[in-house]
Amino acid sequence: MNGQYRQGMPRMSTIYQRLMEVWKYLKLMFTYSTSGPIRAFLQSENNENTEVWRDAKLQELGYVGITSAILASLFASAFTWSFVPTDAYATHGCWYAGLMFILASIATATQQAITLYRFKAVGDNLEHLRNLHRKRGEGTDVSSLSVYVWQLPVMFLRFGVYLFILGMLLFLWGAVRVDHDVVLPNLRTAIAFTVILVFVGTNHFISVYLCYVLWEGT
């Protein structure tokens with residue numbers, strides 16, 4: 001038993017190291033699109049680069065806010081769909097959770113946009129903005145907290161969309177069985193929705209992956 005345990009330890013250690021390498025790669029890939037531009041204006045110490053980042057971030061936040069508002073209306077209308085039964089608790093749970101993420105996206109994007117706009121009225125605001133993004137307030141290392149905070153609006157928006165789709169999926173498959181009998185029209189609808197979801201989801205994640213990978217060469 002001890003021999004088998006000792007043989008298994010190196011294997012577990014190797015698996016753990018591989019998982020940590022994958023985690024570091026994913027973390028770098030999905031955060032570099034945010035940290036990369038910040039690091040660029042920190043390294044340049046250039047007001048023009050900092051101003052370009054600020055204006056681009058304001059446009060991004062405006063787009064996220066508008067998109068989230070549209071999705072919030074979609075969630076609100078979904079709760080009134082007459083063909084969704086009131087006892088579809090899993091579906092309603094996903095939609096309520098998704099709506100919370102969408103509202104959090106609107107609130108966060110609005111707060112960040114207001115903060116950036118108010119910064120324009122502060123003297124030497126671009127230098128102060130650079131200092132806020134520095135790790136420990138010095139050097140060109142980007143603060144991890146800054147990277148996380150600037151990703152929140154898009155992250156909340158994405159979670160909200162995923163939960164809305166998950167709620168639809170649960171509703172359609174939950175309607176396949178009625179009183180322990182399979183309803184063939186509902187089954188066909190659920191299968192068709194699932195096939196389309198797999199196709200759309202696969203292409204979506206390919207697009208997301210490519211968009212993040214593009215930053216590796218910058």
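Treat the numbers as computed from the prediction; the structure is a model and nothing was measured.
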Q: Would you tell me whether Trp150 and His133 have side-chain atoms, one donor and one acceptor, within less than 3.5 Å of each other?
A: yes
Q | Minimum side-chain heavy-atom gap Gln43-Asn49 below 4.5 Å | A | no
Q.
Under 4.5 Å between side-chain heavy atoms, counting indirect links through other Ile/Leu/Val/Met/Phe/Trp/Tyr residues: same cluster for Trp81 and Ile165 or not?
A. yes
Q | Nearest-0.5 Å distance that lies between atom OG in Ser73 and atom CZ in Phe75 | A | 10.5 Å
**Q.** Heavy-atom side-chain contact between Val183 and Val176 under 4.5 Å
**A.** no
Q: Evaluate the ring planes of His204 and Tyr162, with Trp represented by its six-membered ring, and classify them as parallel (under 30°), tilted (30 to 60°) or perpendicular (over 60°).
A: perpendicular
Q) Nearest 0.5 Å, what's the CD-CG distance between Glu51 and Asn125? A) 8.5 Å
Q | Neighbour count >12 (heavy atoms, 6.0 Å) for atom OH, Tyr117 | A | no
Q) Is there a donor-acceptor contact under 3.5 Å from the side chain of Asn186 to the main chain of Val182? A) no
Q: Could you pull out the closest heavy-atom pair between Leu163 and Trp95, with the gap in Å?
A: O-CD1, 4.0 Å
**Q.** Which atom of Cys94 lies closest to which atom of Leu170, heavy atoms considered
**A.** SG-CD1, 3.8 Å
Q: Evaluate the criterion side chain to side chain contact (heavy atoms under 4.5 Å, CB included) for residue pair Met155 and Arg158; output intermediate values, then yes/no.
A: CA-CA 5 Å; Met155 182 180 71; Arg158 185 169 290 164; 5.8 Å; no
Q. Who are the side chain to side chain contact (heavy atoms under 4.5 Å, CB included) partners of Phe171, not counting sequence neighbours?
A. Phe83, Val84, Pro85, Thr91
Q) Passes side chain to side chain contact (heavy atoms under 4.5 Å, CB included), Leu61 versus Leu116? Steps please. A) CA-CA 10 Å; Leu61 293 171; Leu116 289 176; 4.2 Å; yes
Q | Main-chain N/O of Arg134 paired with Ser143 side-chain donor or acceptor, under 3.5 Å | A | no
Q: For residues Ala109 and Gly65, report the shortest heavy-atom separation together with the two atoms involved.
A: CB-N, 4.5 Å
Q: Sequence neighbours left out, what passes ring pair (Phe, Tyr, Trp, His ring centres under 6.0 Å) with Phe119? Give chain and number order.
A: His128
Q. Between atom OG1 of Thr50 and atom CD1 of Ile38, what is the distance when rounded to the nearest 0.5 Å?
A. 10.5 Å
Q. Got a donor-acceptor contact below 3.5 angstrom from the Thr80 side chain to the Ser77 backbone?
A. yes
Q.
For the CG atom of Asp55 and the NZ atom of Lys120, what is their distance to the nearest 0.5 Å?
A. 5.0 Å
Q | Shortest non-hydrogen contact from Val142 toward Val147 | A | CG1-CG2, 3.6 Å
Q | Trace of the side chain to side chain contact (heavy atoms under 4.5 Å, CB included) decision for Leu187 with Trp173 | A | CA-CA 7 Å; Leu187 178 61; Trp173 279 103; 3.7 Å; yes
Q | Stepwise side chain to side chain contact (heavy atoms under 4.5 Å, CB included) test for Glu127 and Arg130 | A | CA-CA 5 Å; Glu127 177 62 29; Arg130 285 194 292 271; 2.5 Å; yes
Q. So which heavy atom on Leu58 is nearest to which on Ala113, and how close?
A. CD2-O, 3.6 Å
Q: Identify whether Leu157 and Tyr96 are in the same connected component of the hydrophobic contact network (ILVMFWY, side-chain heavy atoms under 4.5 Å).
A: yes
Q.
Please tell me whether Val200 and Val208 are part of a single hydrophobic cluster in this structure, the criterion being side-chain heavy atoms less than 4.5 Å apart.
A. no
Q. Is it the case that one hydrophobic cluster holds both Ile70 and Leu74, taking links as side-chain heavy atoms less than 4.5 Å apart, direct or via other members?
A. no
Q.
Please verify the inter-ring angle class for Phe101 with Phe156; under 30° counts as parallel, over 60° as perpendicular, anything in between as tilted.
A. tilted
Q: For residues Val149 and Gln112, report the shortest heavy-atom separation together with the two atoms involved.
A: O-NE2, 2.8 Å
(Q) Hydrophobic clusters here meaning ILVMFWY residues chained together by side-chain heavy-atom distances under 4.5 Å, can you tell me if Leu172 and Ile191 are in one? (A) yes
Q. Using 30° and 60° as the class limits, which term best fits the ring planes of Trp53 and Phe41: parallel, tilted or perpendicular?
A. tilted
Q. Less than 4.5 Å apart, any side-chain heavy atom of Ser105 and any of Val64?
A. yes
Q. How about Val198 and Thr202: do any of their side-chain heavy atoms sit closer than 4.5 Å?
A. yes
Q.
Please check this pair: side chain of Ser207 against backbone of Asn203, looking for a donor-acceptor N/O pair closer than 3.5 Å.
A. no
**Q.** Nearest-0.5 Å distance, CZ of residue Phe164 to CG of residue Leu71
**A.** 8.5 Å
